[in-house]
Amino acid sequence: MVKEVLTYLVNDKSGIYMDCTFGAGGHSQEIMKNLEENGKLIGVDRDPDVKNKIPVSLRNDERFSLVKDRFSNIQYHAKNASIDGILVDLGISSTQLDNLERGFSFQFQGPLDMRMDQSEGMSAEQWINTASRKEIEKVLWELGEERASRKIAKIICEKRVKQPIASTEELVDIVLSCVPRRGKKHPATNTFRAIRMQVNEEMEELNSVLESASYLLRVGGRLAIISFHSIEDRVVKRFIQGKDRIASSVSFKTIGGKHVKPSREEEKVNPRSRSAILRVAEKVA
Ligand SMILES: C[S@@+](CC[C@H](N)C(=O)[O-])C[C@H]1O[C@@H](n2cnc3c(N)ncnc32)[C@H](O)[C@@H]1O
């Protein structure tokens, strides 16, 4: 939703912007095209690999800088400036998903890793082989909305006693033994998403970046969040409405309607965008 993000996010062409999920730099490139000479863009990504894939147009542009960090730390990179716009495009990139070594995809055989930054935290393999049955059940149910969470957790615990679960293929086989194939959606979709969200602490990261944005943005500054499923979108929606927010003196108004969905054309070109929801809000006080 590049066009929509630009329409709503860039309000001042000489402002300071943060792209908290730089990825392949698709959104950043377009934001930069819209900024004037004194505008600035700070890209952030926790994946160390992204710095090797910065698009050529950004590499030598002094208005742009990239930091490798979690977006829960953006306050350390804003350099005390009032920010004009903050973009968060949640989840993982196609590059990460399609790299079988990273273990994000149920479609490829690979090591069960799923960390966005492989130098920190527990891999999916470590988590799945050490978490209690109750914890696995809870994560699959709460983050994956997986109806067979109990059954899957039970089989995981039975299998790992004999031999640790180490590959994406083993996890897919476990899920397939518990969840029947129905429709186009792969039965392992929810389980993989839940475990990825758990090992990357994605809900904690989201809550934290929203709180930071509420005080880093100037009044009139805008926040654009693209989420991919209802658990994240609910958090974003409630935050904009002022519910569940620590910074209670700050308020936002919604921009561009309640939420924005990708156009039919975008869905055709990029089927992964189908479930994307963009919410934009402007800080009013
Ligand atoms: C959906 S992709 C973003 C794609 C990007 N908008 C583009 O146009 O190429 C999400 C990116 O955000 C990064 N990411 C996800 N959670 C993060 C976090 N908590 N902190 C920093 N980066 C994060 C991922 O590593 C990934 O590169």
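For clarity, every value in this text was computed on a predicted model and none was experimentally measured. Atoms within each ligand, like the ligands themselves, are counted from 1 in listed order.
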Closest by any non-hydrogen atom to atom 16 (N) of ligand 1: pick that one out of Met116, Met1, Lys53. Met116
Salt-bridge contact Lys33-Glu30 (side-chain N to carboxylate O under 4.0 Å): yes
To the nearest 0.1 Å, how far is atom 11 (C) of ligand 1 from its closest protein heavy atom, and which atom is that? Asp45 OD2, 3.5 Å
Which of the atoms of ligand 1 are close to Gly23, meaning less than 4.0 Å from one of its heavy atoms? 9 (O), 27 (O)
With a 4.0 Å cut-off on heavy atoms, is Ser72 in contact with ligand 1? no
Any side-chain donor paired with an acceptor under 3.5 Å for Lys13 and Asn38? no
Could you tell me whether Lys268 and Glu265 make a salt bridge, using a distance below 4.0 angstrom between a side-chain N and a carboxylate O? no
Considering only non-hydrogen protein atoms, determine which one is nearest to atom 22 (N) of ligand 1 and report residue, atom name and distance to 0.1 Å. Arg46 N, 3.1 Å
Starting from atom 4 (C) of ligand 1, find the nearest protein heavy-atom neighbour and note its residue, name and distance. Asp89 OD2, 3.5 Å
If you measure from each non-hydrogen atom of Ile92 to ligand 1, which part falls under 4.0 Å: side chain, backbone, both or neither? backbone
Give the ring-plane orientation class for Phe106 versus Phe192, where under 30° counts as parallel, over 60° as perpendicular and anything between as tilted. perpendicular
What atoms of ligand 1 come within less than 4.0 Å of a heavy atom belonging to Asp47? 25 (O)
In plain terms, say whether Arg196 and Glu202 are close enough for a salt bridge, that is, a side-chain N and a carboxylate O under 4.0 Å apart. yes
Examine ligand 1 and decide if any of its atoms is less than 4.0 Å from a heavy atom belonging to Val2. no
Would you mind running through ligand 1 and noting each atom that sits below 4.0 Å from a heavy atom of Cys20? 21 (C), 22 (N)
Does ligand 1 have any atom sitting under 4.0 Å from a heavy atom of Asp69? yes
Gap between atom CD1 of Ile136 and atom CD1 of Ile152 - 0.5 Å precision: 10.5 Å
Show your working on salt bridge (charged side-chain N to carboxylate O under 4.0 Å, His left out) between Arg46 and Asp117 and close with a plain yes or no. CA-CA 6 Å; Arg46 72 195 288 187; Asp117 177 357; over 6 Å; no
Pairing donors with acceptors under 3.5 angstrom, does anything connect the side chains of Asp19 and Ser28? yes
Run the numbers for me: atoms of ligand 1, each under 4.0 Å from some heavy atom of Glu205, listed by number. 18 (C), 19 (N), 20 (N)
Proximal ligand 1 atoms for Gly26, defined as those under 4.0 Å from one of its heavy atoms: 7 (C), 8 (O), 9 (O)
Can you sort out which atoms of ligand 1 are near Ser93, meaning under 4.0 Å from one of its heavy atoms? 2 (S)
Closer than 4.0 angstrom: is that true for some heavy atom of Gln96 and an atom of ligand 1? yes
At a 4.0 Å threshold, what atoms of ligand 1 neighbour a non-hydrogen atom of Leu90? 1 (C)
Distance from atom 20 (N) of ligand 1 to nearest protein heavy atom, with residue and atom: Phe71 N, 2.8 Å
Any side-chain donor near an acceptor of the partner, Ser57 and Gln29, under 3.5 Å: yes
